[in-house]
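Taking it in order: structure first as structure tokens, then the write-up.
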Amino acid sequence: MVKLKNKTEVALLRAGGALLAQIMAAVAERVRTAVRTDVSTAELNELAEKLIAQVGGEPSFKGYRAAWSEGVYPAALCVSLNNEVVHGLPSPDRLIKNGDLVGLDCGLKYRGYFTDMALTVPVGQVGQAELKLLRTTQEALMRGIEQIAPGKKISDIAKAIQKQAEKNNFSVVRQLVGHGVGYQAHEDPQVPNYWDKTFPDLELRPGLVLAIEPMFNLGAWPVEEQADGWTIVTKDNSISAHFEHTVAVTEKGYEILTMPL
Ligand code: MF3
Ligand code: CO
């Protein structure tokens, strides 16, 4: 069931989203200096956990019981490197190295309300094609968000994102979707990043809060789960990128909630 948030609730989501954006900026900055200082993906998670505790929030991924996996997610942060698409498990044995693309994804519960954000950070010298993949995925997120207004539909968001991928010859991951967010980490509706006319569509209304999260691959779209039960990788081992914002539908259009205030 799709649940709309009132203005007071959106204000709380704005406060949490701003904190999450600041935390992600700090973690991303740590990634950028990782090669010089030998940072493991577990240390990135520890930084995220420390910053979340400092602002008085809770990590919404930690302890998360996902429909698709046994057990609970053990960390605050997902760190997905290169051919890993999403849900990479932080590990002390994995060091960030020159040329890596580092996907960071984090959910924050703040004063009872959930926001969700992701970005992919290039480390050191990264190839032109990889940089273009990052730029295009981030642009696609913005083109999707710009569609948002009362009366528009989920399909308008999906089509705008898909168009950006296809224009640049990248593929859209199909097995994973964006989602409603706010009262929980994941709510209805689903927000696909491509459109098929058999999908259930929904008209956008003020108070609807969505996590929009395109995942694009340099190669083909199929992905698969690794033996750890969490990490999703591209089947052809090509590089992948992921960007995500939590966005509210407003009377006039939209407001990105995961923005530093
Ligand atoms: N990254 C997913 C999203 O943005 C959620 C992952 S939940 C986890 O919707 F707990 F599995 F990490
Ligand atoms: Co999400």
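Residues: numbered from 1 along the sequence shown. Not measured: the values here are computed from a predicted model.
For residues 67-80, there are no side chain to side chain donor-acceptor pair (under 3.5 Å) pairs, not counting sequence neighbours. Annotation: side chain to side chain donor-acceptor pair (under 3.5 Å) contacts involving residues 251-261, sequence neighbours excluded, comprise Arg14-Glu255, His245-Thr258. Within the structure, the ring pair (Phe, Tyr, Trp, His ring centres under 6.0 Å) test picks out no pair touching residues 8-55 (sequence neighbours left out).
Of the N and O atoms on the side chains of Glu213 and His242, at least one donor lies less than 3.5 Å from an acceptor on the other residue. Using modelled atom types and a 3.5 Å distance limit, the side chains of Thr136 and Glu139 yield no donor-acceptor pair. Looking only at atom types and distance, the side chain of Asp116 has no donor-acceptor partner in the side chain of Thr246 under 3.5 Å away. Between the side chains of Ser240 and Asn217, at least one donor N or O lies within less than 3.5 Å of an accepting N or O. The closest side-chain donor-acceptor pair between Tyr183 and Glu9 falls under 3.5 angstrom. Under 3.5 Å, the side chains of Thr231 and Asp228 contain a donor-acceptor pair of N or O atoms.
Relative to the ring axis of Tyr194, Lys159 does not place its NZ or CZ within 45° and under 6.0 Å from the centre.
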Under 3.5 Å donor-acceptor pairs involving side-chain atoms of residues 21-32, not counting sequence neighbours:
| from | atom 1 | to | atom 2 | distance (Å) |
| --- | --- | --- | --- | --- |
| Glu29 | OE1 | Arg32 | NH1 | 3.4 |
| Arg30 | NH1 | Thr37 | OG1 | 3.3 |

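No option in Val181, Leu257, Ile154 other than Ile154 meets the side-chain contact (heavy atoms from CB on, under 4.5 Å) test with Leu210.
In this structure, Gln54 places its CD atom where more than 12 heavy-atom neighbours from other residues, nucleotides or ligands lie under 6.0 Å away.
Taking each heavy atom of Pro192 and Phe199 in turn, the nearest pair found is CG-CD1, 3.8 Å.
Qualifying side chain to side chain donor-acceptor pair (under 3.5 Å) partners for Asn193, counting only residues two or more places apart in sequence or in other chains: none. Taking Gln226 as the reference, nothing meets the side chain to side chain donor-acceptor pair (under 3.5 Å) condition, with sequence neighbours excluded.
Note: the hydrophobic cluster containing Val79 does not contain Val233 (ILVMFWY, side chain heavy atoms under 4.5 Å, direct or indirect links).
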